[in-house]
Amino acid sequence: MEIVNITKSYDSSFVKQVEKESGQNMSHCYQCGNCTAGCPYTFVYDQPVNQIMRLVQAGQKETVLKSKSLWLCATCESCTTRCPNNIDVAHIMDVLRHMARREGYAPVPTVKSFWDSFLSSVEKHGRVFEIGLLASYIAKTGRFWTDVDLGPKVLPKGKMHFKPPQIQGKEEVQKIFNRFKEESRK
Amino acid sequence: MPILEGKELRIVGFLCNWCSYGGADTAGVGRFKQPTDLRVIKVPCSGRIDPLFIVKTLLAGADGVLVSGCHPRDCHYTEGNFYARRRLEMLKRFLPIMGIDAKRFEYTWVSASEGQRWQEVVTKFTEQIHELGAAPKIVGAEAEETLKLMEAAL
Amino acid sequence: MKIGVFVCHCGTNIEGTVDTAAVAAASREFPGVVFATDTMYACSEPGQDGIIEAIKEHKLDGVVVASCTPRMHEPTFRRTLERAGLNRYLFEMANIREHVSWIGKDREANTNKSADLVRMAAAKLLKNRPLFSKQFPVNKSVMVVGGGVAGIQAALDCANGGLKVVLVEKDTTIGGKMAKLDKTFPTVDCSSCVLGPLMVDVAQHPNINLHAYSEIEEVNGYVGNFEIKVKKKASYVDWDACTGCGLCVEKCPSRKATDFFNEKLATTKAINIPFPQAIPKKAKIDPDFCMKIQKDKCGVCAKVCPSEAIDFTQKDEFITENVGAVVAATGFDLFDWTVYGQYGGGKYPDVITSLQYERMLSASGPSEGHIKRPSDGKEPKNVVFIQCVGSRDKSVGRPYCSGFCCMYTAKQTILTKDHIPDSQSHVFYMDIRSPGKLYDEFTRRAMEEYGANYIRGRVSMIYPKGDNLVVRGADTLMGAQVEIDADLVVLAVGAEASVGATDLAKKLRISYDAYGFFMEGHPKLKPVETNTAGVYLAGACQGPKDIPASVAQGSAAASKVLGLFSQDMLASDPQVSVVDIKRCIGCGKCIQTCPFGAIKEIDFRGMKKADVIETICQGCGICTSTCPQGAVQLQHFTDNQILAEVNAICRF
Amino acid sequence: MSDSLNYAYYPGCSGTGTSIEYDMSTRAICAKLGITLNEIPDWSCCGSTPAHTVDHTLSSALSARNLALVEKMNLSTAITPCPSCLTNLKTATHRMGKDEFRDDVNKLLDTPYNGGVDTKSVLQIIVEDMGLDALKSKVVKPLKGLKVAAYYGCIMNRPPEVMNFDDPEHPMAMDNILTALGATVLPFPLKVECCGASFGIPRKDIVMSLSGKLLDAAQDIGATALVTACPLCQMNLDLRQDQINSANGAKHNIPVFYYTQLIGLALGLDEKELGIDKLCVSPRKVINDIGAEDAS
Ligand SMILES: Cc1cc2nc3c(=O)[nH]c(=O)nc-3n(C[C@H](O)[C@H](O)[C@H](O)COP(=O)(O)OP(=O)(O)OC[C@H]3O[C@@H](n4cnc5c(N)ncnc54)[C@H](O)[C@@H]3O)c2cc1C
Ligand SMILES: Cc1cc2nc3c(=O)[nH]c(=O)nc-3n(C[C@H](O)[C@H](O)[C@H](O)COP(=O)(O)OP(=O)(O)OC[C@H]3O[C@@H](n4cnc5c(N)ncnc54)[C@H](O)[C@@H]3O)c2cc1C
Ligand code: SF4
Ligand code: SF4
Ligand code: SF4
Ligand code: SF4
Ligand code: SF4
Ligand code: SF4
Ligand code: SF4
Ligand code: SF4
C-alpha cells in the first residue's frame with residue numbers, strides 16, 4: 001500500500017462539501033464499525049462503509065469517489081438505523097454517489113447503466129416501461145439479458161407489457177428532468 | 001464606556017449562585033464561545049430577585065435583562081425558583097403596560113452542569129436583543145411614573 | 001472606603017484575551033478605587049502577599065480581585081484579607097476568566113467587559129459592611145446513605161474515627177453491587193472474601209447504627225445540625241426478633257418470587273434472605289408473592305418461626321435521626337439494554353447482562369458457580385462479550401464511558417476459561433480503557449494467557465439460528481464483517497445513576513448532572529464535596545467508578561467529615577437576613593414564604609414584628625424580595641448592593 | 001367508521017407490471033374491508049432508488065408531483081403498497097420540511113407541493129386505522145395450519161425517524177395480521193435484512209447471495225410459505241428462486257405471497273381476483289393444506 005501523505009492529500013473542501021450536502025457532521029463518527037457490521041453489501045464492497053466514513057474524515061477525495069462501494073450500496077438504511085452517533089450514513093453514501101457522478105466516476109458500470117436506463121424510461125414515459133428499460137440496459141451494457149430464463153415465467157402471466165404506459169402528465173415529468181438539467185448546469 | 005458602542009448592547013443577567021452561575025462557569029470551563037454583551041450579577045437564589053430590580057434595570061438604561069435560576073424542583077433552597085417563576089410571570093405581563101417591550105426580558109432555567117445550554121441561552125437572548133436594537137430611553141418624570149405603577153402592581 | 005483592585009493574568013488564561021494592565025488602569029478611575037494593579041497569579045503565595053502588602057501600604061479597606069470564578073477562590077482571598085486584618089466581607093470578585101476570557105477571543109471587547117465587571121464589583125463593595133460569624137455547636141454524628149462498598153468504607157472510617165454513624169441502605173442487606181460479584185479485577189480475588197469481613201465489621205461496630213430496607217424521606221437543617229426523617233419499609237418480619245435462621249424460607253411454599261439479588265436468573269421464595277452472608281441477616285416477605293398477604297391463605301412462615309417474628313400487618317415506620325453531616329453513596333444501576341432491538345430486545349434467553357454472568361460465575365449463585373445457558377442449561381463453549389452496551393452511545397442518550405466494563409469483561413473472559421477450559425471467549429470492543437495500576441497488564445493477560453479473542457468493532461445484530469445465536473459484527477482492523485456462532489452472549493451493560501438518585505439529590509439540595517450522577521463541588525479541587533455544606537459524596541453515585549476508586553472516595557469523604565467535626569463549634573455564615581424592626585409592619589409575608597421556617601413572629605412593645613433565627617436562615621433572600629416594606633434585608637445581598645451593581649453598568 | 005377509511009392511492013409502477021398481483025389483491029381486499037382507494041389520477045413514477053442516487057432534488061420532485069396531485073384531490077393521506085415508493089414519498093415530504101429544499105424542488109415542478117400530505121403504507125392503515133379486531137371479524141376462512149415467515153424487507157420501517165411505523169428491528173405488523181387470519185407465524189430472524197433490492201439485473205450474484213440467505217432462514221425455521229409486503233422482495237424471492245437454487249446448490253420450493261393475497265384468501269375472495277396464479281413458485285399445495293387439520 002502506498003504511504004498516504006496526510007498534509008498533502010487531506011482535502012478539507014471535500015469534507016466540507018460532503019457535510020454540507022448531507023447535513024451530517026463527519027467528526028461524529030468514532031469508527032465503531034456498526035455500519036459495516038450490519039451492511040448486507042459488505043461482501044461485495046471494495047471499502048467497507050465504516051472505512052468510507054473514515055476516508056471522508058481524512059479528506060481522501062479520490063479514494064472515496066472511485067470506490068465501487070458507492071455503487072453497490074442499496075440504501076437499505078441498516079447503517080443509519082443503527083449508528084450509535086445518529087449519523088445518517090446512507091444519506092452520506094447517497095451524497096458521495098452524487099459527487100462521484102458529477103466527477104465522472106463509475107467504477108461499477110452495470111449498476112450505473114441500469115439506473116440510467118431506469119431514469120430515462122421514467123423521463124420518456126412518466127412511468128417505468130419495464131421491457132423498454134431492459135432493452136435500453138442491454139443496449140448500453142452490450143450484455144445480453146442474463147435473465148432470459150425468467151422470460152417464460154413473466155411474460156405468459158401478463159406481468160410485463162409490450163406497450164409503454166401512457167400517461168397524460170408525461171410532458172410534466174419530462175419538464176422536471178429538463179429543469180433539473182438546466183438547474184444543475186447553473 | 002460600559003459597552004462597546006455599535007458592537008454591544010447593555011444586557012444584564014441575574015443568576016442564582018447554585019445552578020445558573022455554575023452553568024455559566026461550566027460554559028467557561030468548556031470554552032463555549034458566547035457574545036460579550038452580557039454582564040452578570042450573582043444572587044443567592046432566583047427567589048432573591050425582586051421584579052422591581054428588573055424594572056429598575058430596564059429604566060436605568062439596560063437593553064435587555066436575562067434571569068436564570070435552577071430548574072423547577074432543583075432549587076438549592078427547595079422552592080425559591082417557584083416564587084421567582086410566579087413573580088417573573090407577572091412581570092412579563094406588566095412590562096408592555098409600562099411601555100417596555102416584553103421581549104427585552106427573559107427568564108430561564110440552567111443547571112450547573114448545563115454549560116452548553118447556557119451558551120445557547122446567552123447567544124439566543126443576545127441575538128434577540130440585537131434584533132430589537134437599543135432600548136428607547138424612558139426618562140425623568142415618565143420613568144418615576146412607570147416605577148410607581150410597577151411598585152403598585154407587583 | 002479605599003478600594004484596591006487586583007487584576008489577575010492567570011498565566012495566559014486571562015491575559016491571553018484580556019489586557020489586564022488596561023483593566024487596572026481603567027479601574028483607577030472608578031469611585032472609591034485608590035489602587036489598582038495587574039498580577040500574574042493572584043492566588044499564588046506571591047500574589048496573596050502582594051495583596052496584603054498593598055492593603056498595608058495603601059491603607060486599603062476593601063479589595064476587588066478580578067480573576068476566576070468566586071466559586072473557586074473566594075474563600076482563598078477572604079482568608080488573605082483576614083490575614084491583612086480586614087473583614088472578609090469587604091471583598092468582591094469580578095469573574096473575568098470563566099465569564100470573559102474563556103468564552104470569547106475578542107481582546108478589545110473582553111478588556112472592556114472586564115473593566116465593567118470590576119466597576120460593578122467596586123460599586124457593590126462600597127456598600128458592603130463587615131459581617132461577623134457566630135459560633136454554633138456541631139452534632140458529631142454522620143449519616144451514610146447507601147451501603148455499597150463506598151458507603152461501607154466511609155461508615156467504617158468515620159466510626160473508627162470515633163463518630164456515631166447512621167447507615168441507611170434501601171435494600172435488606174448492605175454490600176451493593178460488589179456483593180453480587182464473583183471475583184474482582186485486577187487481582188481476581190474473591191469478592192465476598194474482601195467485602196464479607198467489612199460487612200461484618202459494620203454489623204458489629206458499636207458506633208454504627210444500620211437501618212437496612214430504609215430510605216430517606218425528608219431532610220431538614222444544615223451543616224452541623226441536619227434532621228433527617230428515615231422511612232423503614234415494612235418487611236413483615238420483626239427484625240428485632242428475627243435471628244436469620246432461615247426456617248421460614250425453607251418452608252415457604254411460594255417459590256416464584258422475583259430474585260433481584262440473582263438478577264432474575266432464578267426465582268426465590270416469597271419470604272427470603274438474599275444470600276447467606278447478608279448483613280443484616282434478616283428475612284423479608286415480598287408481599288406480591290405472599291399467599292397470606294394476597295389471599296389470606298398459608299401463614300406457614302408464622303407457624304414455623306421459632307422467634308414469632310412474622311408480622312403480616314407491619315407498616316412502614318418513620319424515625320428521625322439528627323446528624324451533623326451526610327455522605328451520599330448510592331452507587332449506580334445498570335442500563336436497561338432491552339432498548340437494543342438488534343440484540344433481541346430481551347427476547348433471546350441466552351443474551352444476558354454482565355451482572356447476571358457474575359451471578360452465574362459465583363459459587364453462591366443460582367447455578368452454584370457453573371456456567372449454564374438459561375435456555376437449556378447447557379455449558380456454553382463459544383461465549384461472545386459485547387462491550388459498550390448503553391455506554392458511549394449517543395443514540396440511546398448515554399454518551400459517556402462507564403469506565404469499568406472493559407476491565408470486568410477481561411476478568412470475565414479469564415473466569416470463563418477457568419470454568420470451562422475448552423471454551424473460547426470473543427470480545428467485541430471499541431477501545432480498551434484500562435488506565436489503572438496493573439490494569440493494562442490484566443487485559444493483556446486475558447488475551448495472551450487466556451486466549452480471549454478481541455475483535456475491534458461493534459456488533460450490529462444478534463439472531464437465533466438453530467440452538468445458537470449468530471452474532472454479526474465488524475472487525476474494523478481487518479476491514480471485514482464477521483459472524484460468530486455463539487452459545488452465550490454477555491453484554492457489558494453500562495452504568496447509570498441509581499434509581500431515585502435525583503429525588504435524593506433534591507432532598508439533600510445537591511446538584512446532579514444531565515445523567516443523574518451527583519455533582520462534586522469542583523471537578524479537581526473538591527471531588528468529594530458538594531455545593532451544600534456538610535454533604536459529601538462517595539463511590540459510583542458521582543460517576544462510574546470501580547472498587548478501588550469507590551473505596552478511595554469513601555475514605556476521602558470520611559476524612560472530610562472527620563475534618564469538619566474536628567472543631568466543636570462551626571462558624572455560621574453571616575450572609576443571613578436581618579429585620580429592620582423600625583420598618584417592619586408585622587404583615588407576616590416573610591414568615592409565610594421562608595422555605596426554612598427561619599422567621600418567627602415576635603412581640604415588640606406590643607407590636608407584631610418579624611425576627612430571623614440566624615442559625616436557621618440559609619441566606620436565600622426570598623423573604624427580602626417578598627417584604628413590601630424592604631424591612632428584611634439579606635446581608636451582603638441587600639437591595640442597595642444589588643442595585644449598586646445595576647447602576648454601575650446602566651447609569652452613565 | 002368506513003367514512004374515515006378514505007385514501008388517495010398510489011399503486012407504483014411495478015403494480016402495473018411485475019407486481020400486478022400485489023395491486024390486484026390490495027384493491028380486492030380494500031373493497032371487501034370498506035377501505036376506499038382513490039387512485040391518484042395520472043400519477044407518475046416516484047423515481048425509485050435510481051433517482052435518489054442521482055440527486056435528491058430530482059428524486060423529491062418526482063415524488064412531489066404526485067403529492068401535489070393528492071393535494072388537489074383534497075385528501076390528507078396517500079397510501080401505497082410499495083415500500084420503495086413509500087420511502088421516496090415520505091422522504092420527499094420529510095426533506096421538504098426545510099424551506100430551502102422545498103423551494104428547490106418546487107422550482108422543478110409545474111404545480112408546487114406544499115407538504116400537506118401524510119403518506120402511509122397500506123399495511124400501516126390496515127393495522128392502525130382499521131385495526132386487527134375489525135379485520136379478524138371479517139375472516140371467513142381462517143388460515144389454519146399455514147406456517148409462515150413474515151419478511152418485511154429493509155426499508156419498510158427504516159430509518160425510524162422518517163418511516164415512523166412499527167419497530168425498526170422487530171416489526172410486527174404483518175405477524176399480527178397473519179396471526180389474526182389464523183396462520184401460524186414463526187419467528188423469522190431476518191425480518192429486516194436486505195434481499196438484494198434492485199441489483200437483480202445489474203448484479204445478479206448479490207441477489208443470489210442475500211435472497212438465498214433469506215430462503216435458507218425460512219427453511220431453517222420450518223416455514224411453508226414466505227410472506228412479503230414489497231414487490232422487489234417478492235420478485236427476488238419468488239421469480240428468482242430457481243436461479244438462487246442453481247447458484248447456491250439449494251432446493252427451495254417455497255411460495256412467496258403478498259400479505260394482501262393471504263388476507264384475501266382468509267376473507268374468502270376468489271383466487272383469480274387476488275392474482276394467486278401470477279406467483280411463480282406454485283402455492284397450490286400450501287393453499288390446499290390450509291385447514292387440513294380442521295377437517296381431520
Ligand atoms: C458486572 C460488573 C462487574 C464488576 N466487576 C468489578 C471488578 O471486578 N472490580 C472492580 O473494581 N469493580 C467492578 N465492578 C464495579 C463495582 O461494582 C463498583 O465499583 C462498585 O459497586 C461501586 O460501589 P458503590 O458503593 O459506589 O455502589 P453500589 O455497589 O451500587 O452500592 C450502592 C448501594 O447504595 C444503595 N442505595 C442506592 N440508592 C439508595 C437510596 N436512595 N437510599 C439508600 N440506599 C441506596 C444500593 O442498594 C447499594 O447497596 C463491576 C461492576 C459490574 C456491573
Ligand atoms: C504533560 C502532562 C500533562 C498533564 N495534564 C493533566 C491535566 O490536564 N489534568 C489532570 O488532571 N492531570 C494532568 N496530568 C497529571 C498530573 O500532573 C498529576 O495527576 C499530578 O501532578 C499528580 O500529583 P502528585 O502530587 O501526586 O505528584 P507530583 O505532581 O509529581 O508531585 C510530587 C511532588 O513531590 C516531590 N518529591 C518527589 N520525591 C520527593 C522526595 N523523596 N522527598 C520530597 N519531595 C519529593 C516532587 O518534587 C513534587 O513536588 C498531566 C501530567 C503530565 C505529565
Ligand atoms: S456506525 Fe456510525 S459511528 Fe460507527 S463507524 Fe459507522 S458511521 Fe461511524
Ligand atoms: S444503506 Fe448502503 S451502506 Fe448502509 S447498510 Fe445499506 S447498503 Fe450498506
Ligand atoms: S486567582 Fe484564579 S484566575 Fe488568578 S491565577 Fe489563581 S486560578 Fe487563575
Ligand atoms: S424463621 Fe423467623 S427467625 Fe428464622 S429467619 Fe425466618 S423470620 Fe427470622
Ligand atoms: S405466608 Fe407468605 S411468606 Fe409466609 S410461608 Fe406463606 S407464602 Fe411464604
Ligand atoms: S469501560 Fe470500556 S466497555 Fe465500558 S464504556 Fe468504557 S470503553 Fe466501553
Ligand atoms: S433569607 Fe429569608 S427566606 Fe431565606 S432562609 Fe433566611 S429568613 Fe428564610
Ligand atoms: S414581610 Fe417585611 S414587613 Fe412583613 S413581617 Fe416580614 S419583615 Fe415585616
Side-chain angles (χ1 to χ4, degrees), chain A residues 21 40-41 43-44 71-78 80-82 88 90 94-95 97-98 101 108 110-119 121-122 125-128 130 134 137 141 145-147 149-150 153-154 157-161 165 167-170 172-173 175-177 179-180 183-184, chain D residues 13-14 16-21 42-45 47-58 61-62 65 69 87 104 107-111 153-155 157-160 162-163 168-169 192-206 209-210 239-240 242-243 277-278 280:
Chain A
E21 289 187 31
Y41 293 83
F43 76 112
V44 287
W71 300 87
L72 295 169
C73 161
T75 322
C76 76
E77 305 284 356
S78 162
T80 296
T81 305
R82 292 178 185 149
D88 192 343
D94 234 5
V95 160
R97 262 189 299 247
H98 303 164
R101 241 175 214 282
V108 191
T110 50
V111 172
K112 179 170 185 290
S113 305
F114 178 69
W115 286 343
D116 290 350
S117 303
F118 186 102
L119 283 181
S121 179
V122 178
H125 308 292
R127 286 183 197 163
V128 178
E130 285 165 325
L134 286 176
Y137 173 70
T141 56
W145 192 29
T146 48
D147 282 335
D149 55 323
L150 298 185
K153 296 188 187 219
V154 197
K157 296 191 191 276
K159 283 186 155 193
M160 279 201 184
H161 305 283
I167 72 163
Q168 287 153 8
K170 203 158 79 174
E172 255 182 67
V173 176
K175 272 195 263 171
I176 295 180
F177 279 90
R179 288 185 194 130
F180 168 68
E183 289 288 328
S184 12
Chain D
C13 298
S14 58
T16 66
T18 39
S19 69
I20 191 156
E21 65 272 43
D42 208 44
W43 57 271
S44 53
C45 177
S48 194
T49 309
H52 72 70
T53 65
V54 170
D55 185 85
H56 289 156
T57 324
L58 174 65
L62 291 172
R65 173 179 181 269
L69 292 173
T87 303
D104 285 350
K107 256 187 239 163
L108 305 186
L109 296 175
D110 283 357
T111 320
C154 52
I155 50 174
N157 313 293
R158 303 191 307 194
V162 179
M163 304 311 281
E169 296 288 348
V192 296
E193 282 289 287
C194 185
C195 65
S198 58
F199 286 116
I201 293 165
R203 285 294 297 266
K204 208 164 73 175
D205 56 316
I206 294 177
S209 165
L210 296 181
L239 178 65
R240 294 186 187 279
D242 280 348
Q243 291 182 337
D277 59 335
K278 309 241 179 227
C280 292

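All values reported here derive from a predicted model rather than from experimental measurement. Chain identifiers are assigned alphabetically (A, B, ...) following the order of the sequence lines, protein sequences preceding nucleic acid strands; residue numbering begins at 1 within each chain.
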Before giving the answer on side-chain hydrogen bond (donor to acceptor under 3.5 Å, both in side chains), spell out for D:S44 and A:E172 the whole-Å C-alpha distance, their side-chain angles and the decisive distance to 0.1 Å. CA-CA 9 Å; D:S44 53; A:E172 255 182 67; over 6 Å; no
When [options] are compared by non-hydrogen pairs under 4.5 Å with chain A, the top option:
options: D:G196, D:P168, D:S198, D:C194; value: D:C194
options: D:D205, D:L109, D:V192; value: D:L109
options: D:D277, D:L58, D:D104; value: D:L58

Max heavy-atom pair count under 4.5 Å with chain D, selected residue of [options]:
options: A:A90, A:A74, A:S113; value: A:A74
options: A:G169, A:S184, A:P165; value: A:G169
options: A:T141, A:V122, A:T110; value: A:T110

Using non-hydrogen atoms only, which part of [X] is less than 4.5 Å away from chain D: side chain, backbone, both, or neither?
X: A:V128; answer: both
X: A:V111; answer: both
X: A:R101; answer: side chain
X: A:Q168; answer: both
X: A:F118; answer: side chain
X: A:T80; answer: side chain

What I want to find out is whether [X] reaches [Y] closely enough, with some N-O distance under 4.0 Å, to be called a salt bridge.
X: D:D242; Y: A:K153; answer: yes
X: A:R127; Y: D:D42; answer: no
X: A:D147; Y: D:K204; answer: yes
X: A:K159; Y: D:E21; answer: yes

Which bit of D:C154 is near chain A, if near means a heavy-atom gap under 4.5 Å: side chain, backbone, both or neither?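 For D:C154, the contact with chain A is made by backbone and side chain together.
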Checking heavy atoms, do the side chain of D:T57, its backbone, both or neither come under 4.5 Å from chain A?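 Looking at D:T57, nothing touches chain A.
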Between the main-chain N or O of D:T16 and the side-chain N or O of A:H161, is there a donor-acceptor pair closer than 3.5 Å?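 At least one qualifying donor-acceptor pair exists.
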Close side-chain approach of D:C195 and D:L210, heavy atoms under 4.5 Å: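 No - every pair of side-chain heavy atoms lies 4.5 Å or more apart.
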Run the numbers on D:F199 and A:Y41 for ring-ring contact (aromatic ring centres under 6.0 Å, His included), then give the verdict. CA-CA 11 Å; D:F199 286 116; A:Y41 293 83; 5.6 Å; yes
Looking just at side-chain N and O atoms, do A:H98 and D:D55 make a donor-acceptor pair shorter than 3.5 Å?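 No donor-acceptor contact under 3.5 Å links the two side chains.
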